[in-house]
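Atoms within each ligand, like the ligands themselves, are counted from 1 in listed order.
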Amino acid sequence: MQTVRQCEALQGQCLEWRSQGLRVGFVPTMGFLHEGHLSLMRIARSRCDKLVVSIYVNPLQFGPGEDLESYPRDEEGDAAKCDQEGCDLLFLPHSLYSEGHSTRVRVEGLTNRLCGANRPGHFEGVTTVVSRLFGLVLPHLAVFGEKDFQQLAVIRRMTRDLGLPVEVVGGPLVRDLDGLALSSRNAYLSTEERARALSLSGALRAMAESGIQDTSDLLRLGHGLLEVDELDYLEVLDAETLEPLEVLDRPARAFVAARVGRTRLIDNWAL
Ligand code: AMP
């Protein structure tokens, strides 16, 4: 596995693979890798000739007072995991933006709800960094996790709207044995907080298994089960459009974001 820190070297290598007719798969991450990230690498690995993984804690997608500075990092451990998954190139840039970088990519509509409403500017940071990375890696295929279901929808829309020749693939959400959605931020949780964090997946699961069709009743059930310190949202939305629903008459998904202690966690579940 090669490790590359310079944007030009990354693009040069990826262009060379392309010119050799090789299919390039890409998994962008912010590091502190867990089984959720590795599952995306396996999907890309199985469908491409070359696998590129990036690790970059993107300042543009963090708001003031969020955890940019304290975001967990483990470069050595991450590199070993990538190597083990058959990654061909690990991209570890110091920065992705040159002095005076002034371009932003923004998807409207889909970004108004859920995390978009709670984290102003977050998705603009995500779409800006993903389009920057797509321009460097020029991947045939890129894999994103359903853990960040809204992010996946936003990136699909951006790719379609801009006509980028990248196949965006969604990977299933990976959970711990007890049901907690795997997240690099779980590292922040104390034992007591982790126990209460389980109420996110517990509430979503109970909603999915309840058989209730009316979304107000479903939400009442979910609210009663959450043991969090601060709820950002609990919503039931159309799984395609992310628009609100009154009854479950089409594919729907429940979404939750909440703070447990100082850690903000998100989860979602198909209904
Ligand atoms: P992050 O490092 O948190 O920015 O995540 C990088 C990629 O991994 C994103 O596409 C996430 O959706 C995905 N991901 C994170 N956690 C999980 C998980 N538990 N299951 C599946 N994919 C995940």
Side-chain angles (χ1 to χ4, degrees), residues 25-47 51-63 66-68 70-75 77-79 81-82 85 87 90-93 96 110 114-116 119 122-134 137 139 141-159 166-189 194 197-198 200-201 204-205 242 253 255-257 263-270:
F26 179 41
V27 178
T29 80
M30 298 205 299
F32 211 68
L33 302 177
H34 50 66
E35 238 346 273
H37 298 112
L38 306 188
S39 71
L40 307 184
M41 293 181 204
R42 285 171 208 141
I43 293 172
R45 178 75 277 169
S46 71
R47 298 193 45 188
L51 171 60
V52 176
V53 174
S54 66
I55 296 179
Y56 180 60
V57 181
N58 171 36
L60 289 186
Q61 70 189 71
F62 287 78
E66 290 189 354
D67 58 342
L68 173 62
S70 58
Y71 197 83
R73 291 163 209 253
D74 177 16
E75 217 175 272
D78 286 351
K81 288 176 187 163
C82 290
E85 293 303 329
C87 171
L90 174 60
F91 182 48
L92 287 169
L96 275 183
L110 269 181
L114 303 177
C115 289
R119 301 180 72 188
H122 168 68
F123 283 116
E124 186 173 302
V126 169
T127 42
T128 298
V129 78
V130 170
S131 51
R132 171 87 179 109
L133 287 164
F134 279 6
V137 178
L141 175 151
V143 191
F144 295 84
E146 288 187 346
K147 158 85 182 346
D148 300 273
F149 198 86
Q150 185 182 19
Q151 170 175 283
L152 172 60
V154 167
I155 288 165
R156 279 194 209 283
R157 179 65 58 85
M158 174 192 82
T159 307
V166 181
E167 183 187 349
V168 175
V169 174
L173 196 162
V174 179
R175 298 179 180 281
D176 228 331
L177 288 177
D178 57 8
L180 185 68
L182 291 182
S183 164
S184 307
R185 290 193 168 98
N186 292 349
Y188 297 141
L189 298 169
R194 198 181 184 291
L198 272 179
L200 272 73
S201 55
L204 297 181
R205 185 191 180 134
L242 303 189
R253 218 157 172 108
F255 297 87
V256 66
T263 308
R264 186 178 184 276
L265 300 170
I266 61 172
D267 200 347
N268 67 86
W269 204 294

Query raised in the report: Going by the atom numbers of ligand 1, which of them fall below 4.0 Å from some non-hydrogen atom of L173?
Result: 20 (N), 21 (C)
Query - Nearest neighbour in protein (non-hydrogen) for atom 17 (C) of ligand 1 - result: K147 CB, 3.5 Å
Query raised in the report: For ligand 1, which part of M30 has a heavy atom less than 4.0 Å away: the side chain, the backbone, both, or neither?
Result: both
Query raised in the report: Does an N or O from L182, backbone or side chain, lie closer than 3.5 Å to an N or O of ligand 1?
Result: yes
Query raised in the report: Should R185 be listed as contacting ligand 1, given a heavy-atom distance under 4.0 Å as the test?
Result: no
Requested in this report: Identify, for atom 22 (N) of ligand 1, the protein heavy atom at the shortest distance, and state residue, atom and that distance.
Outcome: G145 CA, 3.5 Å
Report summary line: Within the 4.0 Å heavy-atom cut-off, what S183 brings close to ligand 1 is neither
Do any side-chain atoms of residues 177-184 form donor-acceptor pairs under 3.5 angstrom with protein atoms, and if so which ones, sequence neighbours left out?
residue: D178; atom: OD1; partner: L180; partner atom: N; Å: 3.2
residue: D178; atom: OD2; partner: R194; partner atom: NH1; Å: 2.5
residue: S183; atom: OG; partner: R185; partner atom: N; Å: 3.0
residue: S184; atom: OG; partner: G31; partner atom: O; Å: 3.2
residue: S184; atom: OG; partner: F32; partner atom: O; Å: 3.2

Query raised in the report: Which atoms from ligand 1 have a heavy atom of D148 less than 4.0 Å away?
Result: 11 (C), 12 (O)
Query raised in the report: What pairs with R175 under salt bridge (Lys or Arg N to Asp or Glu O under 4.0 Å), at least two apart in sequence or on another chain?
Result: D267
Query raised in the report: Under 4.0 Å from ligand 1, counting heavy atoms only, is it the side chain of L40, its backbone, both or neither?
Result: side chain
Query raised in the report: Counting both backbone and side chain atoms, is some N or O of V174 under 3.5 Å from an N or O of ligand 1?
Result: yes
Query raised in the report: Does the distance from a Lys or Arg side-chain N to an Asp or Glu carboxylate O, for E35 and R42, drop under 4.0 Å?
Result: yes
Query raised in the report: In ligand 1, which numbered atoms sit nearer than 4.0 Å to a non-hydrogen atom of F144?
Result: 10 (O)
Report task. Select one of side chain, backbone, both or neither to describe which atoms of P172 lie under 4.0 Å from any atom of ligand 1, heavy atoms only. Result -> backbone
Report summary line: Per side chain to side chain contact (heavy atoms under 4.5 Å, CB included), C82 is matched among V53, L92, V52 by V53
Query - Location of contacts on E35 toward ligand 1, heavy atoms closer than 4.0 Å - result: neither
